[in-house]
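I have placed the structure first, in the form of structure tokens, so that the comments after it can refer back to it.
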Amino acid sequence: MEYKELFKIADQVKENAYVPFSKFQVGAALLTKDGQVYTGVNVENSSYGGTICAERTAFVKAISEGKRQFSAIAIASSGGEALPCGICRQFMYEFCPELDVITGKDENSLRVQPLNVLLPEGFRLEKE
């Protein structure tokens with residue numbers, strides 16, 4: 001799948017975000033290595049700590065369906081280009097340090113950066 005198409009999916013799904021406080025809609029489209037796409041949106045909560053970002057929503061959906069290998073994630077927002085927050089960067093790093101992160105104001109201004117550049121020397125415990 002072309003990254004422009006993945007970004008369009010993220011841009012469309014952002015409309016489903018639940019953002020009564022910030023009004024800042026974010027959509028994510030996560031591409032698995034086998035070509036499937038999982039989407040996510042940000043979901044705010046009155047207890048701000050209960051809020052979840054679009055990137056983690058997409059990952060949790062994919063992981064709960066048994067997916068563990070990812071190639072790219074596109075992120076679109078209602079406020080222009082939006083990069084993943086620190087928690088999302090660390091969360092994604094757990095599964096795919098080399099993930100391509102696609103951001104932009106629109107599908108014609110895309111920027112692609114590897115996650116391990118956005119989160120250099122990310123933290124991972126040794127797996128047994």
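What's counted below: heavy atoms across the whole structure, side chains too, no hydrogens, waters or symmetry copies. One is the number of the first residue; the rest follow in order along the sequence. Not measured: the values here are computed from a predicted model.
Under the 30°/60° scheme for interplanar angles, the aromatic rings of Phe91 and Phe59 are found to stand perpendicular.
Pairing each heavy atom of Ile63 with each of Arg68, the nearest pair is O-NH1, 3.0 Å. Between Lys14 and Asp11, the closest heavy-atom pair is NZ-OD1, 2.7 Å. Looking at every heavy atom in both residues, Val41 comes nearest to Val13 through CG1-O, 3.1 Å. Ser64 and Lys61 get closest at one heavy-atom pair: OG-O, 2.8 Å. A pairwise comparison of heavy atoms in Phe24 and Asn42 identifies O-ND2, 2.8 Å as the closest pair. Among all heavy-atom pairs drawn from Ala29 and Ile9, the shortest one is CB-CG2, 3.9 Å.
Summarising the geometry, atom CD1 belonging to Ile102 is positioned 11.0 Å from atom CD belonging to Gln113; distances are rounded to the nearest 0.5 Å. Glu107 CD to Ser109 OG: the interatomic distance, rounded to the nearest 0.5 Å, is 9.0 Å. Interatomic distance, OH of Tyr3 versus CG of Leu110, reported as 11.0 Å (0.5 Å rounding). Between the CG atom in Asn108 and the CG atom in Asp106 there is a gap of 5.0 Å [rounded to 0.5 Å]. Atom OH of Tyr38 sits about 5.0 Å away from atom CD of Glu65, to the nearest 0.5 Å. A distance of 11.5 Å separates CG in Leu118 from OH in Tyr93, rounded to the nearest 0.5 Å.
In this structure, the side chain to side chain contact (heavy atoms under 4.5 Å, CB included) partners of Glu5, at least two apart in sequence or on a different chain, are Met1. Legend: residues meeting salt bridge (charged side-chain N to carboxylate O under 4.0 Å, His left out) with Lys105, ordered by chain and number and at least two apart, are absent. Scored by the side chain to side chain contact (heavy atoms under 4.5 Å, CB included) test, Ile52 finds Val43, Arg56, Thr57 as partners (sequence neighbours excluded). Partners of Glu98 under the salt bridge (charged side-chain N to carboxylate O under 4.0 Å, His left out) rule, at least two apart in sequence or in another chain, do not exist in this structure.
Leu125 forms part of a hydrophobic cluster together with Phe123, judged by ILVMFWY side-chain heavy-atom separations under 4.5 Å.
Under the 4.5 Å side-chain criterion, counting only non-hydrogen atoms from C-beta, Leu30 is not in contact with Met92.
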Verdict with reasoning, Gln90 to Leu119, per side-chain contact (heavy atoms from CB on, under 4.5 Å): CA-CA 7 Å; Gln90 178 60 48; Leu119 183 66; 3.8 Å; yes
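Under a 3.5 Å cut-off, the side chain of Thr51 and the backbone N or O of Asn45 do form a donor-acceptor pair. Of the possible polar contacts, one joining the Arg89 side chain to the Pro84 backbone as a donor-acceptor pair under 3.5 Å is found. When atom types are taken as modelled, the side chain of Arg111 and the backbone of Gly104 share no donor-acceptor pair closer than 3.5 angstrom. Not a single donor-acceptor pair under 3.5 Å links the side chain of Glu55 to the backbone N or O of Cys88.
For Glu15, the CD atom is densely surrounded, since the number of other residues' heavy atoms within 6.0 Å is greater than 12.
Leu83 and Ile87 fall into different hydrophobic clusters, where Ile, Leu, Val, Met, Phe, Trp and Tyr side chains are chained together by heavy-atom contacts under 4.5 Å.
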Under 3.5 Å, which donor-acceptor pairs link side chains of residues 71-78 to any protein atom two or more places apart or in another chain?
| residue | atom | partner | partner atom | Å |
| --- | --- | --- | --- | --- |
| Ser71 | OG | Leu31 | O | 3.4 |
| Ser77 | OG | Gly79 | N | 3.1 |
| Ser77 | OG | Gly80 | N | 3.4 |
| Ser77 | OG | Gly80 | O | 2.5 |
| Ser78 | OG | Gln25 | N | 2.9 |

